[in-house]
Amino acid sequence: MKALRNAYALQSISMNNNLNLDCTLFDAHGICASVSGTRTNLTSTDSNSASGILTVAYRINNKFRVGAYLDQTASINTAAGVHLNNSSPAFGAFGVWNANANGLGTQIRVAAGYADRDITVTRQIFGSSEAGTGKTNLISQGASIVGSYAMEMPGDFVFSPYAGVRYTKFSSDGYTEDASSSVTSPLSYSSLTQNTTTAIAGAKWTKHTSDKVVISADLGLEQDLNNNSATYTATSVNISGLVPIALNPNINRTRPAASIGGYYNINSKQRIGASMAWSEQAFSSNNATSLMVTYTAGF
């Protein structure tokens, strides 16, 4: 069960990060494109992932832009017993409205994401139990809406408090372990779904340290308004007394999050940037750290 929790946690981190993707460097044609490399580590576990992300945005006018992303995972490592296939990319879309062309004042951002990955689960051996193996899929869905208000502050800072709501759903279908000569009593497992509605609030600070360099920091808090965690139920025609196991028996409902980052403007049409995000997770209070390096071009 620990390995399965880690798989769900990695998908949750990826979805939350992707819902914040944006692209803001535009040129004559109103198009922005960026490529990013990311690395995420789930602390106190051997679980991590790496991926490449393509983000494209179109500026409809000085106040409104829309965009989409593709997130292709290069590697996913979880604890022994669970393998996530990384052949299918995650994808999503976003829209951002600003009250002012310079980004100050009110901003409203909406985003949605989706991923579908095959997952192989191998039962651990305890005593005389069997190492049964089964396959299913893990579907991730998410959506968010966030409002913020950017204000110029002394010291050439821009201060942006924000608040919003995020909804995520992670679900896997039921499956039956493959029968073989070494597995005489394959188990059948029920579907497993985690639904979460989360209020998010915090503030972001941005500073132009020069004409070419911008740095930023973000500090926030997440509070689950609703978190429905299912139980993992196994049945067998040959085995009785199997007890359901909760996917997340100790939900961490209030979680801090923080990030730092910055970018360097190579010229008016190109920039490179890097960021690091840290957050507590709902699954057993694990912490996660994500690193991202991005190249952006405006067209």
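- To the nearest 0.5 angstrom, S275 atom OG is 8.5 Å from N17 atom CG.
- Hydrophobic cluster membership of L221, counting Ile, Leu, Val, Met, Phe, Trp and Tyr whose side-chain heavy atoms lie under 4.5 Å apart directly or via other members: none, as it forms a cluster of its own.
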Run the side-chain donor-acceptor check on residues 292-299: report pairs under 3.5 Å with partners two or more places apart or on a different chain.
{"from": "T294", "atom 1": "OG1", "to": "S36", "atom 2": "OG", "distance (Å)": "2.8"}
{"from": "Y295", "atom 1": "OH", "to": "Q270", "atom 2": "OE1", "distance (Å)": "2.5"}

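- Hydrophobic clustering (ILVMFWY, side-chain heavy atoms < 4.5 Å, transitive): L10 and L192 are in one cluster.
- Between V96 and I108, the closest side-chain pair of non-hydrogen atoms is not below 4.5 Å.
- Among residues at least two apart or in separate chains, ring pair (Phe, Tyr, Trp, His ring centres under 6.0 Å) pairs with a member in residues 64-122 are F91-Y114.
- The two residues R117 and S88 come nearest to each other via the heavy atoms NH1-O, 3.2 Å.
- Here the CD1-OG distance, from I76 to S51, works out to 9.0 Å after rounding to the nearest 0.5 Å.
- To the nearest 0.5 Å, atom OG of residue S14 and atom CG of residue L19 are 9.0 Å apart.
- Between the side chain of N61 and the backbone N or O of K63, at least one donor-acceptor pair lies under 3.5 Å.
- Contact of the R253 side chain with the N227 side chain is registered, since non-hydrogen atoms from C-beta on lie closer than 4.5 Å.
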Verdict with reasoning, T197 to D224, per side-chain contact (heavy atoms from CB on, under 4.5 Å): CA-CA 6 Å; T197 302; D224 286 349; over 6 Å; no
List the steps and the verdict of side-chain contact (heavy atoms from CB on, under 4.5 Å) for M276 and T289. CA-CA 7 Å; M276 180 177 69; T289 302; 3.9 Å; yes
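- Summarising the geometry, atom OG1 belonging to T133 is positioned 11.0 Å from atom CG belonging to L187; distances are rounded to the nearest 0.5 Å.
- With a 4.5 Å cut-off on side-chain heavy atoms, L42 and N48 do not count as touching.
- Taken from OG1 in T106 to CG in N98, the straight-line distance is 9.0 Å, to the nearest 0.5 Å.
- The number of heavy atoms from other shown groups lying within 6.0 Å of CG (N226) is above 12.
- Cluster membership for L84 and M15, using ILVMFWY side-chain heavy atoms within less than 4.5 angstrom, is shared.
- Between Y175 and S188, every side-chain heavy-atom pair lies at or beyond the 4.5 Å cut-off.
- In the hydrophobic clustering (ILVMFWY side chains linked at under 4.5 Å, chained through shared members), F26 stands by itself.
- Here the shortest heavy-atom pairing between L25 and S268 reads CD1-O, 3.6 Å.
- Listed for the T73 side chain is no donor-acceptor partner under 3.5 Å among the backbone atoms of S75.
- For K269, the NZ atom sits in a loose shell: 12 or fewer heavy atoms of surrounding residues, nucleotides or ligands are nearer than 6.0 Å.
- Looking at heavy atoms from C-beta onward, T168 lies out of side-chain contact with Q194 at the 4.5 angstrom threshold.
- Cluster annotation: V82 is connected to Y8 through the hydrophobic network of ILVMFWY side chains, with a link wherever side-chain heavy atoms come within less than 4.5 Å.
- Judged by distance alone, the side chain of T43 and the main-chain N or O of N287 form a donor-acceptor pair under 3.5 Å.
- With a 4.5 Å cut-off on side-chain heavy atoms, Q223 and I200 do not count as touching.
- Judged purely by atom type and a 3.5 angstrom limit, S34 has no side-chain atom pairing as donor or acceptor with the backbone of C23.
- Taking the side chain as every heavy atom from C-beta outward, T136 and S172 approach each other to under 4.5 Å.
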Hey, mind stepping through I119 and N137 against side-chain contact (heavy atoms from CB on, under 4.5 Å) and telling me if it holds? CA-CA 5 Å; I119 183 171; N137 62 331; 5.6 Å; no
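- Taking 4.5 Å as the limit, every side-chain heavy atom of D46 sits out of range of all side-chain heavy atoms of T78.
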Go through it in stages, so that I can follow the logic: the residues are I60 and V66, the test is side-chain contact (heavy atoms from CB on, under 4.5 Å), and I'd like the CA-CA distance, side-chain angles, deciding distance and then a yes or no. CA-CA 7 Å; I60 296 175; V66 294; 4.0 Å; yes
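- Closest of all the heavy-atom pairs between S216 and K204 is CB-CE, 3.8 Å.
- In the model, T40 has a side-chain atom that pairs as donor or acceptor with a side-chain atom of S290 under 3.5 Å.
- A salt bridge links R166 to E222: at least one charged side-chain nitrogen sits closer than 4.0 Å to a carboxylate oxygen.
- Under the 4.5 Å side-chain heavy-atom criterion for Ile, Leu, Val, Met, Phe, Trp and Tyr, I266 and V213 are members of the same hydrophobic cluster.
- Pairing each heavy atom of Q281 with each of A288, the nearest pair is NE2-CB, 3.9 Å.
- For R59, the salt bridge (charged side-chain N to carboxylate O under 4.0 Å, His left out) test picks out no residue, with sequence neighbours left out.
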For residues 138-165, which side-chain N or O atoms pair as donor and acceptor with protein atoms under 3.5 Å away, sequence neighbours left out?
{"from": "S140", "atom 1": "OG", "to": "Q11", "atom 2": "NE2", "distance (Å)": "3.4"}
{"from": "Y162", "atom 1": "OH", "to": "D218", "atom 2": "OD1", "distance (Å)": "2.7"}

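- Taken from CD1 in I215 to OG1 in T209, the straight-line distance is 5.5 Å, to the nearest 0.5 Å.
- Using modelled atom types and a 3.5 Å distance limit, the side chains of R271 and N265 yield a donor-acceptor pair.
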